[in-house]
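Remember, predicted model here, so these are calculated numbers, not experimental data. As a basis for the values below, the full set of heavy atoms in this structure was taken, side chains included, without hydrogen atoms, waters or symmetry mates. Per chain, numbering begins at 1; letters A, B, ... match sequence-line order.
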Protein chains: 2
Amino acid sequence: MPKLGMEPLRRRALIDATISAIGERGSLDVTMSEIAGRAGVSSALAHHYFGAKDELLLATMRHILAELTADMRRALRSTSTARERVSAVVAVNFSDIQFQPETIAAWLAFYVEAQKSAALRRLLKVYARRLHSNLLSGLTGILPRSEADRVAEATAALIDGLYIRRALKDGVPNATTAIALIEDYLETKLSRRSAQ
Amino acid sequence: MPKLGMEPLRRRALIDATISAIGERGSLDVTMSEIAGRAGVSSALAHHYFGAKDELLLATMRHILAELTADMRRALRSTSTARERVSAVVAVNFSDIQFQPETIAAWLAFYVEAQKSAALRRLLKVYARRLHSNLLSGLTGILPRSEADRVAEATAALIDGLYIRRALKDGVPNATTAIALIEDYLETKLSRRSAQ
DNA sequence: TATTTTTTATTGACGGATCAATCAACAAAA
DNA sequence: TTTTGTTGATTGATCCGTCAATAAAAAATA
């Protein structure tokens with residue numbers, strides 16, 4: 001009994017199913033049938049709406065990035081100082097929505113896949129550049145350009161590193177600890193400069 | 001014309017081939033035929049010596065870890081102060097042998113696979129714990145225990161994060177920059193403490 | 001020493017399983 | 001009657017793992 005206007009609902013359901021499937025298995029090695037089953041439809045329908053599997057995966061990554069970007073914008077809107085902006089960027093990456101096992105596993109899996117897929121690599125590069133510029137926009141208000149650049153690079157690396165460690169359930173366990181670790185780094189970096 | 005004593009040579013060749021295959025493809029999605037072909041043998045022989053594919057992958061990871069461990073021991077042997085020990089641990093992770101595209105891609109791929117394979121996860125956990133304790137053994141001579149622990153955690157996360165970024169050919173380009181970034185972090189952390 | 005037998009090295013071919021992608025067909029709304 | 005939604009069945013490709021067969025070295029035996 002086909003109701004009209006199913007397309008956006010199915011697309012969304014399939015993307016959600018993709019994230020949860022990848023999150024559970026911990027890799028992109030999930031079958032179209034598995035994903036479709038989770039979304040409550042046949043694998044043929046998944047192909048109908050997304051074409052090849054690659055495009056479903058790409059759409060999923062796009063969705064994750066879009067959510068992160070939206071969260072970021074929202075968080076940045078309610079800040080006033082440069083220092084606050086830096087903390088906001090860090091905090092968003094470890095918010096309840098982002099720092100979940102499923103999402104992290106998906107991130108990691110996509111990172112690996114990006115070495116194969118040029119399209120995915122381009123997507124991740126856009127994100128990386130945006131993260132960097134977001135961090136920089138806060139840091140340049142406090143540090144000289146060259147040092148701000150290095151601190152932004154280190155912060156981004158710390159975020160990625162803590163994501164990996166989370167995925168392996170080793171080391172840093174929760175988001176609070178992760179944030180504290182990065183804030184500690186930023187504080188020593190920033191307070192030191194302001195004291196000079 | 002079968003020469004005797006081939007086993008260790010074939011095993012080594014197959015492991016090397018596995019690393020280069022994974023490194024080139026950027027994921028563990030390499031076929032036994034591909035690996036065997038690179039090693040100059042048939043896929044049947046690879047199965048003959050390693051059994052299932054999982055075990056070849058596991059042996060490969062073990063080999064990479066063993067090399068890293070050996071490098072680490074060698075580097076630590078020629079240090080005398082606690083501070084030098086910390087720098088040595090960092091440097092080894094970015095040495096010419098370790099910080100190569102192939103090895104890094106393999107690392108990343110294994111990280112992801114570890115979410116599926118318990119055996120692989122155990123292996124990586126051993127490495128993570130050893131890295132932590134190596135860092136700690138240097139840091140506890142300079143910082144109070146709790147802070148040393150946090151700095152070790154952050155340093156490990158930085159190493160992982162810089163590895164990821166290297167794999168994506170984004171951000172930090174070379175080993176020297178990566179080391180400088182971590183050393184800069186350590187220096188601010190350590191000099192600040194010693195000044196108090 | 002000459003021979004048989006065992007061990008080691010190696011592969012081509014194949015079975016069987018998995019899975020992406022297609023397609024014809026059906027059902028209901030417009 | 002056209003459009004939209006949906007699926008079961010099927011095809012074709014890929015790939016792991018096995019097995020029987022071959023070849024040569026080493027060991028055992030006559």
Side-chain angles (χ1 to χ4, degrees), chain A residues 1-61 106 109-110 112-113 116-120, chain B residues 1-22 24-61 109-110 112-113 116-120:
Chain A
M1 51 294 280
K3 286 176 184 173
L4 278 251
M6 281 284 100
E7 177 153 0
L9 300 181
R10 295 302 192 200
R11 287 193 111 97
R12 179 59 196 266
L14 282 164
I15 287 177
D16 286 348
T18 304
I19 295 176
S20 87
I22 293 175
E24 198 163 297
R25 180 136 325 181
S27 90
L28 297 192
D29 259 336
V30 286
T31 69
M32 288 295 269
S33 305
E34 162 83 12
I35 294 171
R38 278 169 188 263
V41 298
S42 73
S43 71
L45 195 66
H47 277 106
H48 175 65
Y49 283 129
F50 285 96
K53 186 183 176 184
D54 301 4
E55 275 167 84
L56 172 54
L57 295 181
L58 209 60
T60 302
M61 188 73 241
F110 278 121
V112 171
E113 188 70 10
K116 275 193 276 186
S117 157
L120 214 50
Chain B
M1 47 311 257
K3 287 175 182 172
L4 278 252
M6 280 285 103
E7 177 155 359
L9 298 181
R10 294 304 193 198
R11 287 192 110 97
R12 180 58 196 266
L14 282 164
I15 286 176
D16 287 347
T18 304
I19 294 176
S20 86
I22 292 174
E24 198 164 296
R25 180 133 327 176
S27 88
L28 297 191
D29 260 336
V30 286
T31 69
M32 288 296 269
S33 304
E34 160 83 13
I35 294 171
R38 279 168 187 262
V41 297
S42 73
S43 70
L45 195 67
H47 277 106
H48 174 66
Y49 282 129
F50 285 96
K53 187 183 174 185
D54 300 3
E55 273 166 86
L56 172 54
L57 295 181
L58 208 60
T60 302
M61 187 73 242
F110 278 122
V112 171
E113 188 70 8
K116 275 193 275 185
S117 156
L120 214 49

To the nearest 0.5 angstrom, please state how far the CD atom of Glu7(A) sits from the CG atom of Leu45(A).
9.5 Å

Looking at Arg10(A), does any N or O in its side chain come under 4.0 Å of the phosphate oxygens OP1/OP2 on dT6(D)?
yes

Paired with Thr60(A), the side chain to side chain contact (heavy atoms under 4.5 Å, CB included) test is passed by just one of Ile35(A), Thr18(A), Leu14(A), namely Thr18(A)

Looking for any heavy atom pair under 4.0 Å, which part of the strands does Tyr49(A) touch: base, sugar-phosphate only, or nothing?
sugar-phosphate

Just call it for Gly5(B): base, sugar-phosphate, or nothing, with non-hydrogen atoms closer than 4.0 Å on any strand.
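If one applies the 4.0 Å heavy-atom cut-off, Gly5(B) turns out to touch the sugar-phosphate alone, with no base involved.
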
Once you round it to whole Å, what is the distance between [atom2] of [N] and [atom1] of [X]?
{"X": "Lys53(B)", "N": "dC15(D)", "atom1": "NZ", "atom2": "P", "value": "8 Å"}
{"X": "His48(B)", "N": "dG17(D)", "atom1": "NE2", "atom2": "P", "value": "16 Å"}
{"X": "Leu4(A)", "N": "dT2(D)", "atom1": "CG", "atom2": "C1'", "value": "12 Å"}
{"X": "Leu45(A)", "N": "dG8(D)", "atom1": "CG", "atom2": "P", "value": "11 Å"}

If you only use heavy atoms from C-beta on, which nucleotide in [options] is closest to the side chain of [X]?
{"X": "Thr31(B)", "options": "dC16(D), dA21(C), dT7(D)", "answer": "dC16(D)"}
{"X": "Ala44(A)", "options": "dC23(C), dT11(C), dA21(C)", "answer": "dC23(C)"}
{"X": "His47(A)", "options": "dG12(C), dT22(C), dG17(D)", "answer": "dT22(C)"}

On DNA chain C, does the nearest nucleotide to Ser33(A) precede the nearest nucleotide to Pro8(B) from the 5' side, or the other way round? Give the residue.
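Between the two, 5'-proximity favours Pro8(B).
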
Short side-chain to backbone donor-acceptor contact, Lys53(A) and Thr31(A), under 3.5 Å:
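Judged by distance alone, no pair lies under 3.5 Å.
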
Do the side chains of Lys116(A) and Glu113(A) get close enough for a salt bridge, i.e. N-O under 4.0 angstrom?
yes

